[in-house]
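Before any comments, here is the structure.
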Amino acid sequence: MVDARNLFPTKVALRLDTASEVEMVLGKDAWERGARAESIPEALPGTGYVLVDGDPTPVRIRFTWVTDDDIRAMARDYPAAPPAPPRHGFTVVTDTDKGDDDTGAVA
């Protein structure tokens, strides 16, 4: 089916179209074990099934939906920290920096 699938220890299948797609994503017998991803309604976005390496039992999961407005509110309410001060006392000087006498020479 999908040769590279077994390179990933955790497999996630959200809503799919057919039982054969469940098998392609999650592996042989996942559908028979209960991973009915083709039955997930469109009204439940973020719902799916997970298989973790070593455990053949599919687990139904639901991801949280975060709207753009939610993201803007979080960015407003929890702004990024100011940049850290330079380490080791070094100051970065670029080719375009002017020195004390506007010739580019740094005293």
Side-chain angles (χ1 to χ4, degrees):
M1 303 280 312
V2 179
D3 293 335
R5 176 186 55 229
N6 290 328
L7 298 175
F8 301 95
T10 304
K11 298 165 193 78
V12 178
L14 299 176
R15 185 177 61 248
L16 297 170
D17 292 329
T18 65
S20 63
E21 288 178 354
V22 173
E23 186 173 321
M24 278 193 292
V25 175
L26 297 178
K28 189 174 186 306
D29 300 327
W31 189 87
E32 287 83 3
R33 289 191 183 103
R36 306 291 165 90
E38 83 289 355
S39 298
I40 298 170
E42 281 190 45
L44 295 177
T47 302
Y49 291 90
V50 172
L51 280 180
V52 178
D53 197 21
D55 186 354
T57 308
V59 176
R60 187 173 169 124
I61 50 107
R62 179 88 192 263
F63 292 99
T64 301
W65 174 258
V66 182
T67 67
D68 289 346
D69 287 338
D70 293 335
I71 294 169
R72 281 189 279 276
M74 282 187 277
R76 181 193 66 236
D77 296 342
Y78 305 98
R87 296 178 67 195
H88 309 296
F90 295 111
T91 301
V92 176
V93 179
T94 65
D95 290 339
T96 58
D97 286 341
K98 296 284 188 182
D100 294 335
D101 60 2
D102 290 334
T103 65
V106 178

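Bear in mind the structure is a predicted one, so any value in this text is a computation, not a measurement.
- Taking the side-chain hydrogen bond (donor to acceptor under 3.5 Å, both in side chains) definition, one finds that D70 meets it with T67, sequence neighbours left out.
- In this structure, D53 has no side-chain hydrogen bond (donor to acceptor under 3.5 Å, both in side chains) partners at least two apart in sequence or on a different chain.
- The shortest non-hydrogen separation linking E38 to V22 is OE1-CG2, 3.8 Å.
- A30 approaches P58 most closely through the heavy-atom pair O-CG, 4.0 Å.
- Considering only residues two or more places apart in sequence or on other chains, T64 meets the side-chain contact (heavy atoms from CB on, under 4.5 Å) condition with V66.
- By the side-chain hydrogen bond (donor to acceptor under 3.5 Å, both in side chains) test, R76 is found to be paired with no residue, residues two or more places apart in sequence or in another chain being considered.
- Distance check: E23 CD to K28 NZ gives 7.0 Å after rounding to the nearest 0.5 Å.
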Report all side-chain donor-acceptor pairs from residues 40-50 shorter than 3.5 Å, counting only partners two or more places apart or in another chain.
| from | atom 1 | to | atom 2 | distance (Å) |
| --- | --- | --- | --- | --- |
| T47 | OG1 | L44 | O | 3.0 |
| T47 | OG1 | R62 | NE | 3.3 |
| Y49 | OH | R60 | NH1 | 3.3 |

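- Partners of D17 according to the side-chain contact (heavy atoms from CB on, under 4.5 Å) rule, which considers only residues two or more places apart in sequence or in another chain, are E21.
- Taking CZ of R36 as the start and CG of L16 as the end, the distance is 13.5 Å to the nearest 0.5 Å.
- Using a 4.5 Å cut-off between side-chain heavy atoms of Ile, Leu, Val, Met, Phe, Trp and Tyr, with links allowed through other members, L14 and V52 fall into the same hydrophobic cluster.
- A search for side-chain hydrogen bond (donor to acceptor under 3.5 Å, both in side chains) contacts involving E32 returns nothing, not counting sequence neighbours.
- Between V12 and F63, some side-chain heavy-atom pair lies under the 4.5 Å cut-off.
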